[in-house]
Amino acid sequence: MTVGDLEVEAALGPEQLRTRLRASRLYVVTDDLTPLEKLPDLVQAAVAGGADLVQLRRKREPWAELVELARSLQEICRRGGGIFLVNDHVDLALAAQADGVHLGQGDVAVQEARERLGDRPLIGLSTHTPDQALKAQLLPLDYIAAGPVRATPTKPDSVEVGFQQVTAAALVSRVPVVAIGGLDEGASAIEAGADLVAVVRAVCAAPDPRLAASKLRQEAAAATPWRWIRLNGEPRKSPPGETVLELLARLGVEPAGVAVEVDGRIVPRERLAAELVSEGSALEVVHFVGGG
Amino acid sequence: MEEGDRLHLGSATLRSRLIHGTGKFPSAELLAQAIAASEAEMITLAVRRLHLDGDRRSELEGLDLSRYHLLPNTAGARSAEEAIRLAHLARAAGLSDFIKVEVVGHEATLLPDPLATFEATSRLVAEGYTVLPYTSDDVALALRLAEAGAAAVMPGAAPIGSTLGVLNPHNIRLIIQECPVPVIVDAGLGSPSDALRVMEWGAAGVLVNTGIARAKDPVGMARAFAAAVEVGRLAHRAGLAGESGEARHGYGASSPTAGLPVG
């Protein structure tokens with residue numbers, strides 16, 4: 001649509017927003033050091049460079065200023081084809097009609113946020129342990145973040161959890177996994193199982209944020225991602241080269257008692273070790289239950 | 001049980017003519033005990049997705065499936081294609097070619113879809129399965145299923161889970177009389193007397209699930225059904241007096257009419 005003399009992309013619907021999330025690789029989170037008035041230019045540069053998602057992460061500014069800023073950042077992202085989220089504040093997301101909100105473990109409950117936001121906005125949740133990542137799967141959210149991968153001045157009190165936490169989250173997640181924490185290149189996190197790489201300083205403190213975003217986006221896009229599959233009707237992830245037998249083993253499934261179907265085709269037990277899991281495959285793992 | 005009286009279904013030879021369902025039991029322990037008490041040799045199973053998170057315990061965990069002839073069903077199928085897919089999964093899970101074709105055509109009553117049942121039966125027979133279709137009490141359809149290669153036909157006495165007993169005795173008897181393959185009465189048998197009656201008529205066997213599983217004492221009821229099936233079979237083999245040529249029509253005293261010390 002056209003507003004004044006600007007070509008403005010219409011806000012995406014709930015499904016389009018999630019489709020775009022699934023194609024996203026780079027997530028830029030604003031830092032604490034950049035002055036508020038510089039953030040629009042920074043976000044503009046990040047989106048132009050290739051940031052798919054942008055999160056406004058400010059905790060102390062006056063409410064009115066934050067609302068105004070969030071509205072303008074949302075507009076910049078919309079025009080540039082990016083997704084805009086705010087940190088912590090459901091109220092701010094509502095006031096700015098933001099594409100979503102990112103919540104921490106200590107923030108407002110995901111269920112409550114969903115009820116207040118409705119179906120459209122994305123909800124993301126920080127997770128720091130495999131158990132948190134697993135429990136998050138029961139919540140009405142759209143992605144989980146796993147980290148901090150490395151110690152970071154952004155969160156001085158938190159303990160670094162390494163790429164192991166990214167991989168642990170990827171092994172259980174039904175929703176995209178965002179790797180975060182001290183990352184300065186794009187490939188390692190994707191190879192560890194993340195769908196997106198989130199950065200703060202690597203873009204916000206870069207001499208040329210647009211170039212930094214562009215480089216990170218290219219690195220992330222060039223890495224070999226884990227496959228998305230449907231397993232018994234639910235989205236799941238599988239690392240490159242994984243066989244169906246390996247997938248069953250890590251789920252603790254004994255092949256003797258089950259039948260496996262891949263894309264409508266039965267895979268005989270003796271072939272499970274040779275059957276590679278491939279992108280977009282639909283796997284069904286069934287067993288006998290009581291019946292008449 | 002008379003020596004040598006066996007039910008042959010595909011590659012299976014069964015001494016017990018009670019096929020035992022495994023659904024809806026209060027616990028895995030009671031299911032295992034009920035099957036043991038019934039001395040059934042063939043049990044039915046359903047095929048479902050494995051729960052990949054959390055509790056994976058199954059109601060079948062108390063059973064050694066290798067000790068039984070397994071008759072997986074296609075319950076849940078709403079079309080021939082779905083039934084065939086479930087049959088393929090069942091074969092892969094159990095490595096047995098037996099399949100109870102069950103295609104629901106009417107949600108409220110779970111009554112079978114005759115066209116889809118026939119199609120799935122024909123196609124699975126062609127694929128080499130030993131097919132036992134659950135069907136309605138329609139005589140012509142039962143004959144068509146037998147023609148299509150069903151190893152047995154399984155007309156329902158009453159809707160699945162209803163325990164209403166034999167709703168259309170005339171049709172069930174006709175199917176038993178006319179069908180060239182074994183007739184196993186399935187679904188709706190609520191009490192051992194229902195099972196006894198159809199066995200007396202010459203049914204080759206019965207399949208019972210809810211009638212046992214939902215009894216106050218499932219183990220005791222499994223034993224009662226097994227006894228009823230055996231009595232019904234004995235009675236059928238002995239030939240009911242009411243069905244012999246002599247006694248079919250009219251009335252007759254059991255005691256001699258001559259020699260009464262009166263008059």
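FYI, side chains are in, hydrogens and waters are out, and symmetry mates aren't considered; it's all heavy atoms of this structure. Just so we're on the same page: letters track the sequence lines, and every chain starts at 1.
Heavy-atom pairs under 4.5 Å with chain A peak, among B/L50, B/N209, B/T44, at B/L50. Note on A/V258, A/V172, A/I266, A/V260: by heavy-atom pairs under 4.5 Å with chain B, the leading option is A/I266. Top candidate by heavy-atom pairs under 4.5 Å with chain A, chosen from B/I160, B/V208, B/N73, is B/N73.
For B/A90, the parts lying near chain A are the backbone and the side chain together; criterion is any non-hydrogen pair under 4.5 Å. Contact annotation for B/E102: only side-chain heavy atoms (C-beta onward) come within less than 4.5 Å of a heavy atom of chain A. Heavy-atom distances place the side chain of B/L70, and not its backbone, under 4.5 Å from chain A. Heavy atoms closer than 4.5 Å to chain A are found in the side chain of B/K100, but not in its backbone. Only the side chain of B/L60 comes within less than 4.5 Å of a heavy atom of chain A; its backbone N, CA, C and O stay farther away.
For the atom pair CZ of A/R265 and CZ of B/R85, the computed distance is 13.0 Å after rounding to the nearest 0.5 Å. Put simply, CG on B/L89 and NE2 on A/H287 are 12.0 Å apart, with the number rounded to the nearest 0.5 Å.
Side-chain atoms of A/E261 and B/H88, non-hydrogen and from C-beta on, never get closer than 4.5 Å to each other.
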Could you give me the CA-CA distance, side-chain angles and deciding distance for B/E59 and A/V289, then say whether side-chain contact (heavy atoms from CB on, under 4.5 Å) is met? CA-CA 7 Å; B/E59 63 266 56; A/V289 299; 4.2 Å; yes

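The number of heavy atoms from other shown groups lying within 6.0 Å of CG (B/D64) is above 12. More than 12 heavy atoms of other residues, nucleotides or ligands lie within 6.0 Å of CZ in A/R150, so this atom counts as buried by the packing criterion. Within a 6.0 Å radius of CD in A/E270, other residues, nucleotides and ligands contribute more than 12 heavy atoms.
Among residues 121-146 of chain A, no residue has any heavy atom closer than 4.5 Å to a heavy atom of chain B. Chain B is approached within less than 4.5 Å, heavy atom to heavy atom, by A/L231, A/N232, A/G233, A/R236 from residues 221-239 of chain A, ordered by number.
What you find for B/A93 and A/R269 is that their closest heavy atoms are O-NH2, 2.9 Å. Taking every heavy atom of both residues into account, B/A92 and A/A259 meet most closely at CB-CB, 3.6 Å. The two residues A/F288 and B/V47 make their nearest non-hydrogen contact at CE2-CG2, 3.8 Å.
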